[in-house]
Amino acid sequence: MTASDPILSVRDLTARIVSRKQIVDAVKGVSFDIARGEAVGFVGESGCGKSVTARAIMRLAPEGTRVELGGSVHFDGQELLPMSEAAMRDVRGRRIAMVFQDPMTSLNPVITVGAQIDDILRRHTGLSGRAARARTVELLDQVGIPAPAQRADDYPHQFSGGMRQRVLIAIAISCDPDLLIADEPTTALDVTVQAQILRLLLRLREERGMSLMLITHDFGVVAGMVERVNVMYGGRIVEAASVDDIFRAPTHDYTRALLAAVPRLDRHGVAP
Amino acid sequence: MSDAAIFSLAGAEPAPRRRLRPTAGRLLLGLGLVMLTILVLITLLAPLVAPFDPSATSPQSLEGSSSQHWLGTDAIGRDVLSRIIVGGRTTLFITFTAVSLALLAGLVLGLLSGYVGGWVDEVIMRILDVIFAFPVFLLAIAVVAALGPTVPNLILTIAIVYTPAMSRVVRGPVLSVKKWDHVEAARSIGMSEWRIVTRHVLPMVVSPIVVATSLTLAQTIFTVTALSFLGLGPPPPDPNWGGMLADARQFMELAPLTVVGPAAAIVFATLTFIVLANGLREVLDVGSER
């Protein structure tokens, strides 16, 4: 294996979501690579399969459903799809971590944020007691929580949305994952806070050399964040290009439609 | 959501701990706790508190209240107050043990069927539905009559009778909590399912379970005394509240205290857990789904 091998290589990935009521082919053959240290954006409308693709990589199924996966997910020399559930649990959180959309509900409301970070450290790094505590405070500091030693003992409801998203990011980076999947990490946040969170993700990625898979429906978010963009529609990648090319010369009609849908201040027209 | 909750979400600053104001719920909970303390203390210290040996007979039968026998004596001259105090041990022991067993079974079955879902859920709930479909007393009488009226049988019977209700109380909230984002987030960091259940699901459903347990205790006291009254309780001569009522009812006109005493004890114990349950419900902010 060389350094130029992609950390993640997905080929013909399919995901069929089977629930009691219906069967949905959410991802219909998706292929892409993410290089080491690279940031790749996935853009598309709701229901285009971008979140399911991310969860398929981590082999997470929406509650109450079963997901049948096909194709291959090659991660750092390992094939993830045939792996046992126990082996997969060692990958989740340690090698591949995820930041979720809604920071208000993604933390356990009855456990202090410090204890929630301790949990993942104990699970994957073997740190415990005072060492885990020190690392927790350090992580909270790295994601920009003021007075981290005191705030570690606070409960999620004592944090604002942006601060909670920082906590979730602290949990995600706690075990130095190789790949961070951020699923609409700023959608639930105010615009000003969005910018702070994106800057934080950008900084952490550079400091740690993590790869980043950034999922969003907002072209404004990918602009300064990623090198390459995959545009998804109807469970397929319809356009894959560098971020510059996407903005300068979108080739696919759907990409053009998406870009046209971004509201602009310098143009008159009906507000979306 | 209450105004207070919205307010505490809005600020990033940690809210200063406010002093607890005496709301109706807190007063109710306080009253319930005081009553529970009295009940538990008297029961635990029964041999020390009781003025007489509860089984010692005397020639003074069916006496009224006196400075010696506060609640009089029964048909064979035993002190009614002492029998109530010591009899509470039997009744409450059966109640607590049975409800603990029902709670344990309810937790296991409710978590299993709620969290695992699918056919596991179907099988467990259908079996419990069958038990649920029987009237409580009919089922209890049938089982005790079949197995024989001993204390262990009584405990087992009552535990079986209340297991379906406890399982349902656990299962309901588990069904919704398992869909919450923090459960998926826990899964995404590699937590095992066992750890997710114990750390991220169970703590969220504690409140309704606590309230339901307290209510079940109240019901069970009633069930235990009723079964004892019907002669399916623990065998004599050890006193218990239901049995005392049954013995005394023939002499109700002659010595009303022999009936009023144990009846009052049953009412007090039942009321304790009802008051406690309502106080807990208010304080823990449990929705009134039941």
Side-chain angles (χ1 to χ4, degrees), chain A residues 20 54-55 58-64 66 85-111 115-117 119-121 123-124 146-147 150-151 153-164 168 171-172 174-175 177 181 183, chain B residues 1-18 113-122 171 173-210 284-286:
Chain A
R20 273 192 181 185
R55 281 168 176 72
M58 295 193 82
R59 300 229 326 248
L60 293 171
E63 186 55 52
R66 197 161 46 82
E85 182 60 25
M88 199 58 218
R89 277 201 291 271
D90 286 337
V91 173
R92 288 185 201 130
R94 189 170 59 155
R95 308 296 314 278
I96 308 177
M98 195 153 176
V99 176
F100 289 90
Q101 174 169 356
D102 192 350
M104 304 313 255
T105 55
S106 296
L107 289 164
N108 185 331
V110 299
I111 303 175
Q116 297 189 52
I117 302 177
D119 274 351
I120 182 172
L121 291 174
R123 168 74 180 84
H124 288 304
Q150 286 88 56
R151 295 312 301 270
D153 293 327
D154 283 347
Y155 288 88
H157 74 87
Q158 291 163 302
F159 288 79
S160 66
M163 284 295 159
R164 281 191 229 189
L168 284 171
I171 290 174
S174 61
C175 301
I181 300 175
D183 185 5
Chain B
M1 193 186 284
S2 68
D3 288 350
I6 291 169
F7 185 71
S8 66
L9 282 178
E13 291 299 309
R17 283 191 191 282
R18 280 162 300 177
S113 75
Y115 189 74
V116 177
W119 64 268
V120 175
D121 183 30
E122 292 292 331
R171 175 180 175 267
V174 167
L175 281 179
S176 68
V177 169
K178 73 169 175 177
K179 293 188 191 125
W180 290 4
D181 290 343
H182 78 266
V183 172
E184 191 190 19
R187 203 167 282 135
S188 83
I189 61 170
M191 291 252 175
S192 66
E193 295 300 313
W194 169 251
R195 187 134 172 85
I196 291 174
V197 169
T198 52
R199 190 152 171 82
H200 296 290
V201 176
L202 193 55
M204 318 296 296
V205 304
V206 163
S207 302
I209 297 173
V210 167
L284 298 175
D285 199 20
V286 177

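Worth saying up front: this structure is predicted, and the values here are computed from it rather than measured. Each chain gets a letter, A, B and so on, in the order its sequence line appears, and its residues count up from 1.
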Chain B contact via [X] - side chain, backbone, both or neither, heavy atoms under 4.5 Å:
{"X": "A/Ile171", "answer": "side chain"}
{"X": "A/Ala115", "answer": "both"}
{"X": "A/Arg20", "answer": "side chain"}
{"X": "A/Arg55", "answer": "side chain"}
{"X": "A/Leu60", "answer": "side chain"}

Chain B interface, residue from A/Ser106, A/Ser174, A/Pro156, A/Cys175 that has the most non-hydrogen pairs under 4.5 Å: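 Among A/Ser106, A/Ser174, A/Pro156, A/Cys175, the one with the most close pairs to chain B is A/Ser106.
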Give the member of A/Ile96, A/Asp119, A/Ile111 that has the highest number of heavy-atom pairs under 4.5 Å with chain B.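 Heavy-atom pairs under 4.5 Å are most numerous for A/Asp119.
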Just verifying a value: how many Å separate [X] [atom1] and [Y] [atom2], rounded to the nearest 0.5 Å?
{"X": "A/Met98", "Y": "B/Glu184", "atom1": "CE", "atom2": "CD", "answer": "6.0 Å"}
{"X": "A/Arg89", "Y": "B/Glu193", "atom1": "CZ", "atom2": "CD", "answer": "7.0 Å"}
{"X": "B/Ile189", "Y": "A/Ile120", "atom1": "CD1", "atom2": "CD1", "answer": "4.0 Å"}

Compare every heavy atom of A/Phe100 with every heavy atom of B/Ala185, then report the nearest pair and how far apart it is.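 Taking B/Ala185 first and A/Phe100 second, the nearest heavy atoms are CA-CE1, 3.5 Å.
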Atom of B/Gly190, atom of A/His124 and distance for their closest heavy-atom approach: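 Here B/Gly190 and A/His124 meet closest at CA-NE2, 4.3 Å.
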Can you tell me which of B/Ser192, B/Gly117, B/Ala186, B/Pro203 forms the most heavy-atom pairs within a distance under 4.5 Å of chain A?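 Going by pairs under 4.5 Å, I would pick B/Ser192.
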Beyond-backbone contact of A/Gln116 with B/His182, side-chain heavy atoms, under 4.5 angstrom: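 Side chain of A/Gln116 against side chain of B/His182, heavy atoms only: no contact under 4.5 Å found.
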Is the shortest side-chain heavy-atom distance between A/Asn108 and B/Met204 below 4.5 Å?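 Touching, per the 4.5 Å side-chain cut-off.
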Given a strict heavy-atom distance threshold of 4.5 Å, which part of B/Arg195 is in contact with chain A: side chain, backbone, both, or neither?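 Interface part for B/Arg195: side chain.
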